[in-house]
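Okay, so here's the structure we're looking at.
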Amino acid sequence: MVLFSLVATHTDLDLETVGTLSAGAADVAASVDLPAVTLATCNRLEIYAESGSNSPEALEEGRNTLISAVAESSGLDHATVASSFKTLVDDDAAHHLFEVGAGLDSAVVGEREIAGQVRRSLAEAQASGTASGTLTKLFESATRAAKDVGAKTALGSRGRSIVSVALDIAGDMRGHGPSFYQNAKVVLIGTGAYAGASLSQLAERGVPDIAVFSGSGRAEDFLTARKDAVSARGSHARSLRMDELAAAFREADVIVGCSGGNRQITAGEIRSLAALHERDEPLTVIDLALSHDFTPEVAELPGVDLITLESVKIAAPDETSASVDDARAVIAESVQQYLAERAERTADDAIVTLRKHVQSLLDEEMDKVRKHHGCTAAAEEVEFGLRRIVRKLLHTPTVRARELAADGRGDEYVAALQTIFGVEVAAAEDSRRQAGPRRRPEDFSAAELAHMAAYLQQVPDGGFCRHHRAGEFSIARFQAVEAVRKSA
């Protein structure tokens, strides 16, 4: 299997194109028949996947499959999508993800929010059953590397992020800097990850009144989960109903949009809802949604300042070259460790494959011996001798597999096995999409519970299965199953 990634980011494309590509991105991995994890943020869409085999044809087929899925979800034609992505393979794909997770490829270099997004992307793929063992190890390793960068270097020590830079720009434009927020009223639109980061940043700046609106009606739950953290910083946050939105807009000093919904707020709606003709103070609108929560014409309204992701990208301060260099050194070391561990796993898979192949040949010969001599002492002596010879024969190939893997030449060993013995080396568990989340007791039907209970009638109390005595193994049973069993 070959690891590869499709990458579309702010460094190569305008954010409008990235946003269009990302439409429906959450469903892409589930719509294809290969292991895949999607990483979609405010300035990137990246898909990490495994091809069906290590041939160039399989890699191209996997790439085209993903491009077709993105084209269908975004509504763009196949050629446009294909030209928007660059393809990274194996080591390059791994190294890129490690740098992304550490914030080295962000619009705000060193931002810490991206590490959480990498972690959530894996969790979502695991929940939907689209991640393989290989992809899981890759993302987990990238997450650990991001933590190491935070612990060992000064990168990101100032806590800059896309949200914080946007709020800094707004404060500077209003002429008061950080003190502006201490008396400001803010309306926050959205309840996603960036809304959570925005709420935290607003509370940290001491905003006394934060009103949260969600078109999906999740504002109340969103605030309930964050109420204590917001209150601890002296801020007050409240949810808004649709009929309260106009009054909140009229009183707001800042409106922050990060919902990424399908509907954009127009300049006319801002003019009407915020009653611009009656305002004495300017209104600052911050649009942090990749697909935009506000139309571009909002920037043309008198008395309104519009800050977008493009604004943040241009104004983002540079990290010191020393901290970036230190972070790249940590990432390089982490990538090498990951690649070494992956090579060792490849060697293990090859060793297991070779041993299974030789063992199957041995078992075939022993079946012939037993059919001819029966289960006699002579047959046992033959088997003992053959197994001793097999162990000696496998010793050197096993040592060589590990040596070649350590030198990065594990693929040569695998190719040799395929050429000499005609066996295919498959990664144990790693190359298959993982199963989705385990079913809960309430997910089983009454018929299924009754079937389980009928089987448990044959199992000793406290036992694991009918083949083992009580006390050898034990396992907790569903209470619902036990109830059915006792009533039977």
Side-chain angles (χ1 to χ4, degrees), residues 1-13 18 21-22 24-54 56 58-71 73-74 81-82 84-106 114-146 331 334-335 337-339 341-342 345-346 427 429-434 436:
M1 301 296 171
V2 175
L3 168 71
F4 70 99
S5 63
L6 301 184
V7 176
T9 75
H10 65 97
T11 57
D12 304 313
L13 303 168
V18 177
L21 289 170
S22 298
D27 300 324
V28 169
S31 68
V32 297
D33 189 24
L34 71 163
V37 178
T38 301
L39 173 62
T41 74
C42 68
N43 52 28
R44 71 181 63 250
L45 172 60
E46 301 185 3
I47 307 171
Y48 292 79
E50 289 182 85
S51 66
S53 74
N54 59 2
L59 175 61
E60 186 61 24
E61 181 182 355
R63 180 179 181 276
N64 284 328
T65 297
L66 289 174
I67 288 173
S68 296
V70 174
S73 66
S74 65
V81 174
S84 299
F85 282 105
K86 62 181 178 183
T87 304
L88 302 177
V89 181
D90 273 339
D91 296 4
D92 292 336
H95 192 276
H96 177 73
L97 179 62
F98 277 57
E99 288 200 336
V100 168
L104 287 169
D105 193 59
S106 297
I114 185 65
Q117 292 167 326
V118 169
R119 187 171 58 251
R120 285 192 294 273
S121 293
L122 174 61
E124 290 168 359
Q126 289 175 317
S128 59
T130 68
S132 65
T134 297
L135 292 173
T136 297
K137 290 182 177 69
L138 172 66
F139 273 71
E140 288 176 344
S141 299
T143 299
R144 285 195 298 271
I331 289 300
S334 298
V335 170
Q337 181 180 350
Y338 163 77
L339 294 177
E341 292 174 352
R342 190 179 69 177
R345 290 195 299 273
T346 300
E429 302 296 334
D430 281 2
S431 298
R432 294 193 291 271
R433 285 164 64 125
Q434 296 175 332

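Between the Ser121 side chain and the Thr38 main chain, a donor and an acceptor come within less than 3.5 Å of each other. Ser22 places no side-chain N or O within donor-acceptor distance of the main-chain N or O of Ala25, the cut-off being under 3.5 Å. When atom types are taken as modelled, the side chain of Ser5 and the backbone of Val7 share no donor-acceptor pair closer than 3.5 angstrom.
Note that NE2 of His95 is 9.0 Å distant from CG of Leu339, once rounded to the nearest 0.5 Å. Going from atom CG of Leu135 over to atom CG of Leu138 covers 6.5 Å, rounded to the nearest 0.5 Å. Between the CG atom in Leu66 and the CD atom in Glu61 there is a gap of 11.0 Å [rounded to 0.5 Å]. In this structure, the separation between OG1 on Thr130 and CD1 on Ile47 is 10.5 Å, given to the nearest 0.5 Å. Taking OG1 from Thr11 and NZ from Lys86, the interatomic distance works out to 5.0 Å, rounded to the nearest 0.5 Å. Taking CG from Leu6 and CG from Leu39, the interatomic distance works out to 12.5 Å, rounded to the nearest 0.5 Å.
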Does the pair Thr41 and Gln117 meet the rule for a side chain to side chain donor-acceptor pair (under 3.5 Å), with working shown?
-> CA-CA 7 Å; Thr41 74; Gln117 292 167 326; 4.6 Å; no

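Using cut-offs of 30° and 60° for the angle between ring planes, the Phe98 and Tyr338 rings count as tilted.
The heavy-atom pair separating Ser51 from Phe4 by the smallest distance is N-CE2, 3.7 Å.
Side-chain contact between Glu46 and His96 is present, with at least one heavy-atom pair separated by less than 4.5 Å.
Applying the side-chain hydrogen bond (donor to acceptor under 3.5 Å, both in side chains) test to Arg120 and every residue at least two apart in sequence or in another chain returns nothing.
Judged purely by distance below 3.5 Å, without hydrogens or angles, the side chains of Thr134 and Ser132 never pair a donor atom with an acceptor atom.
Within the structure, salt bridge (charged side-chain N to carboxylate O under 4.0 Å, His left out) contacts touching residues 92-105 (residues at least two apart or in different chains) are Arg44-Asp105, Glu99-Arg328.
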